Structure formats: structure tokens, C-alpha cells
Q: 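The structure's right below; bear with me while I get my questions together.
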Amino acid sequence: MKFISVAIDGPVGAGKSTAARECAKRLGFVYCDTGALYRAVGLYCVRNGLDPKDPSEAAGCMGKIKVDISLVDGVQHVFLNGEDVSEDIRLPEISMAASAVSAVAEVRKALLGIQREIAENNNVVMDGRDIGTVVLPNADVKIFLTAKPEIRAERRYSELKKKGVDTTFEEVLSDLNERDYNDSHRAEAPLKQADDAVLADTSGLDFEQSVELICGIVEERRNVL
Ligand code: DC
């Protein structure tokens with residue numbers, strides 16, 4: 001059986017995970033947030049005093065860790081050596097560690113199979129940085145989701161505030177710019193729009209409008225598949 005795959009890539013805070021999750025729900029597809037895998041590796045480094053920026057330390061830890069994702073009541077959970085780390089991976093310092101380890105070829109290689117396997121066995125909406133370019137180059141629908149940096153930072157800032165994280169808008173904006181720079185300038189699978197991806201800008205859109213935009217692109221493409 002051929003499953004349908006929707007690849008959504010884009011920079012930090014473009015609304016990928018929230019909009020993609022809702023879009024997957026409406027389509028009846030599985031949602032896969034691939035950033036969570038890199039976050040789990042980043043978390044392992046931080047917890048074990050390894051430097052995520054040191055490629056040999058990040059690569060070396062891959063032999064010691066097992067990262068899995070599974071759905072619990074339709075929601076993706078991430079497991080690091082059997083422990084559910086879905087909450088712990090969301091802290092800002094883990095975002096930066098995830099970005100650092102994601103530049104390491106051995107880390108990317110180790111996580112590639114998990115992502116492809118999900119798409120081989122499910123209708124999926126998968127989001128990340130290299131889904132349309134590397135993970136699923138033959139995805140049925142590819143979307144590059146973006147928005148102006150200040151707008152993305154504002155969204156991320158209010159998300160973190162709601163969770164009680166002590167930060168400022170300026171700090172969030174500066175972290176976001178640093179992470180986007182790292183993610184799009186690395187040698188391995190850098191963040192970039194696939195040639196055949198549809199560009200979707202959510203700058204002026206609220207959550208519902210962003211979901212409608214993505215679902216609309218998917219439906220339009222599905223009609224010609
Ligand atoms: O989507 P996110 O913010 O949770 O991702 C965390 C980091 O993981 C991001 O800064 C870069 C990396 N990442 C990646 O390199 N490739 C992906 N497909 C997903 C995330």
C-alpha cells in the first residue's frame with residue numbers, strides 16, 4: 001500500500017509543529033515532529049556533561065543512546081533510552097543543544113531510519129528542516145513554512161511565557177536567529193526550501209488561518225496525485 005507523505009520544513013517558530021499537528025488531525029494522518037529526535041540527543045548531551053558543539057562527543061554518544069517515538073493517545077512522545085522525555089526536551093537550552101548536535105553527520109544518519117520508517121508505514125505529516133530535501137525527497141506534498149523573524153520570536157516568546165519559562169523577547173529573538181543561522185549554514189542537510197516545495201508565509205496569519213493554508217495546499221496537491 002502506498003502511503004501519503006506531507007513534508008513541512010521551515011525555520012524556528014514558523015508554526016510548523018502546531019499547524020502541522022492540527023492539519024494531520026484533520027486529514028486523519030499521523031503527525032511526526034522530527035525536531036524531537038534531535039532534541040532527545042541534545043538532552044542526553046546536556047544531562048551527561050557532553051559538549052553538543054563538539055562533533056566527536058555528539059557522534060560518540062549515538063552508540064549509547066536509543067531514541068524512539070511513539071504515539072500515546074494520538075500524541076507523539078519521545079523516549080530516550082526508554083524514558084519519556086517529551087517535556088524535558090522543550091527547554092530553551094535543549095533547543096540550542098539540538099541545533100548543535102543536528103550538524104553532526106553521525107547523529108543525522110542514526111536518526112534517518114526512524115523517520116523514513118514512519119513514512120513507509122503511515123500517512124504522515126512530518127515536520128523538520130530537511131524532510132522535503134533529504135528524509136522524504138519523494139514526499140507527495142512539500143511545504144516550506146516561514147514567517148518574519150520578529151513574528152516567529154513573538155510566538156515562541158508567548159509559548160515559553162505560558163509555560164512559565166523566565167526569558168525576554170530579545171533573548172528569544174537572538175536564540176532564534178542563532179539557531180536558524182546554524183541550521184541553514186551547516187554542511188549536512190541544511191535547512192532550505194526544496195525545489196518542488198510550496199512556499200507558505202504565515203506572517204499575517206493566525207493559527208486557524210495557518211492550518212487552513214497548509215490543509216488547502218495538501219488538498220490541492222492530493223487532487224492531482
Ligand atoms: O523543530 P525543532 O525546533 O524542535 O528542532 C530542534 C533542532 O533540531 C533544530 O534547531 C534543528 C534540528 N532539526 C534538524 O536538523 N532536522 C530536522 N528534520 C528537525 C530538527
Side-chain angles (χ1 to χ4, degrees), residues 5-21 24 31-46 52-53 55 58-59 62 65 67 69 75-78 80 85-119 124-137 139 142-147 149 152-153 155-157 159-160 163 165 167 172-194 197 202:
S5 51
V6 178
I8 303 185
D9 292 302
V12 176
K16 293 191 302 294
S17 57
T18 42
R21 186 182 301 117
Y31 165 62
C32 176
D33 159 19
T34 62
L37 298 167
Y38 295 92
R39 286 171 178 271
V41 178
L43 178 68
Y44 181 88
C45 290
V46 171
K53 291 202 178 101
M62 292 316 285
I65 65 177
V67 181
I69 39 185
V75 179
Q76 176 181 298
H77 283 245
V78 188
L80 173 62
V85 293
S86 311
E87 285 292 319
D88 297 13
I89 58 169
R90 296 293 154 199
L91 295 168
E93 70 259 33
I94 306 304
S95 307
M96 214 47 102
S99 181
V101 298
S102 73
V104 179
E106 288 83 352
V107 174
R108 304 203 70 82
K109 204 167 149 229
L111 299 177
L112 191 59
I114 308 175
Q115 302 169 71
R116 288 196 173 146
E117 200 184 311
I118 292 171
V124 70
V125 176
M126 188 174 283
D127 83 42
R129 303 294 188 287
D130 63 335
I131 309 306
T133 50
V134 175
V135 180
L136 306 175
K142 296 184 188 179
I143 298 171
F144 192 83
L145 200 66
T146 190
R152 293 188 281 114
R155 289 177 187 159
R156 184 50 54 111
Y157 175 64
E159 248 174 56
L160 291 170
K163 283 190 191 166
V165 176
T167 185
V172 173
L173 179 62
S174 138
D175 280 6
L176 176 144
N177 283 331
E178 186 180 338
R179 204 139 70 85
D180 283 346
Y181 184 87
N182 292 344
D183 296 344
S184 49
H185 287 81
R186 65 186 179 215
E188 297 291 329
L191 165 67
K192 66 170 185 217
Q193 183 178 348
T202 63

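Count residues from 1 along the sequence. Both counts, for ligands and for their atoms, begin at 1 and track the order of listing. Everything quoted here is computed from the prediction, not taken from an experiment.
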Q: With atoms numbered from 1 as shown, which atoms in ligand 1 lie under 4.0 angstrom from a non-hydrogen atom of S102?
A: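 Result: 11 (C), 12 (C), 15 (O).
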
Q: Give me the residue, atom name and distance of the protein heavy atom closest to atom 19 (C) of ligand 1.
A: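 Here the closest protein heavy atom is T34 OG1, 3.3 Å.
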
Q: Is there a heavy atom of D183 sitting under 4.0 angstrom from any atom of ligand 1?
A: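 The answer is yes: ligand 1 sits under 4.0 Å from a heavy atom of D183.
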
Q: Would you say that R155 contacts T202 through its side chain, given a criterion of any heavy-atom pair below 4.5 Å between the two side chains?
A: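 Yes. Closest side-chain heavy atoms under 4.5 Å.
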
Q: For atom 2 (P) of ligand 1, which candidate among R90, R129, K16, M96 provides the closest heavy atom?
A: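 When every heavy atom of R90, R129, K16, M96 is considered, R129 comes closest to atom 2 (P) of ligand 1.
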
Q: Does a side-chain heavy-atom distance below 4.5 Å link D127 with Y31?
A: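 A side-chain contact under 4.5 Å exists here.
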
Q: Output yes when the distance from some N or O of ligand 1 to some N or O of R179 is under 3.5 Å, and no in every other case.
A: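 Yes: some nitrogen or oxygen of R179 is under 3.5 Å from one in ligand 1.
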
Q: Which heavy atom in K16 sits nearest to a heavy atom in P11, and how many Å separate them?
A: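 Looks like NZ-O, 2.9 Å.
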
Q: So, is S95 polar-close to ligand 1, with some N/O to N/O distance under 3.5 Å?
A: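 No; the residue has no nitrogen or oxygen that sits under 3.5 Å from a nitrogen or oxygen of the ligand.
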
Q: Can you list the ligand 1 atoms lying under 4.0 Å from a non-hydrogen atom of S99?
A: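 Under 4.0 Å from S99, ligand 1 has these atoms: 10 (O).
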
Q: May I ask you to check whether D33 has an N/O atom sitting below 3.5 Å from an N/O atom of ligand 1?
A: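 Such a contact does not occur with ligand 1.
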
Q: Do you know which two heavy atoms are closest between V78 and A36, and how far apart they sit?
A: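 That closest heavy-atom pairing would be CG2-CB, 3.3 Å.
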
Q: Do me a favour and list the nearest non-hydrogen protein atom to atom 16 (N) of ligand 1 with residue, atom name and distance?
A: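 Scanning the protein heavy atoms, the shortest distance from atom 16 (N) of ligand 1 goes to R108 NH2, 3.1 Å.
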
Q: Give the intermediate values and the outcome of salt bridge (charged side-chain N to carboxylate O under 4.0 Å, His left out) for residues R156 and D175.
A: CA-CA 11 Å; R156 184 50 54 111; D175 280 6; over 6 Å; no

Q: Nearest protein heavy-atom contact for atom 20 (C) of ligand 1: which residue, which atom, what distance?
A: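 Going atom by atom, the protein heavy atom closest to atom 20 (C) of ligand 1 ends up being G35 CA, 3.5 Å.
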
Q: Is there at least one pair of N or O atoms, one from R39 and one from ligand 1, spaced under 3.5 Å apart?
A: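 Among all N and O atoms of R39, at least one is under 3.5 Å from an N or O of ligand 1.
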
Q: Do E188 and V104 have side chains that get closer than 4.5 Å, going by heavy atoms?
A: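 E188 does not reach V104 side chain to side chain.
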
Q: Flag Q115 as yes when one of its N or O atoms lies below 3.5 Å from any N or O atom of ligand 1, and as no otherwise.
A: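 No; every N/O pair is 3.5 Å or more apart.
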
Q: If you define the side chain from C-beta out and look only at heavy atoms, does anything of I8 sit under 4.5 Å from I131?
A: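 Contact flag for I8/I131 side chains = no.
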
Q: Applying a heavy-atom cut-off of 4.0 Å, say which part of R186 lies close to ligand 1: side chain, backbone, both or neither.
A: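 Under 4.0 Å from ligand 1, R186 contributes side-chain atoms alone.
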
Q: Before giving the answer on side chain to side chain contact (heavy atoms under 4.5 Å, CB included), spell out for Q193 and D9 the whole-Å C-alpha distance, their side-chain angles and the decisive distance to 0.1 Å.
A: CA-CA 7 Å; Q193 183 178 348; D9 292 302; over 6 Å; no

Q: Using a strict 4.0 Å cut-off to heavy atoms of A98, name the atoms of ligand 1 that fall inside it.
A: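 Atoms satisfying the 4.0 Å criterion: 6 (C), 7 (C).
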
Q: Between the main-chain N or O of P137 and the side-chain N or O of K142, is there a donor-acceptor pair closer than 3.5 Å?
A: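 Indeed, once roles are kept as given, a pair shorter than 3.5 Å links the two residues.
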
Q: Among R129, R179, R39, R186, whose side-chain hydrogen bond (donor to acceptor under 3.5 Å, both in side chains) with S102 holds?
A: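 One option only clears the test, and that one is R186.
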
Q: Starting from atom 8 (O) of ligand 1, locate the nearest protein heavy atom and write down its residue, its atom name and how far away it is, to 0.1 Å.
A: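 Result for atom 8 (O) of ligand 1: Y38 CB, 3.4 Å.
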
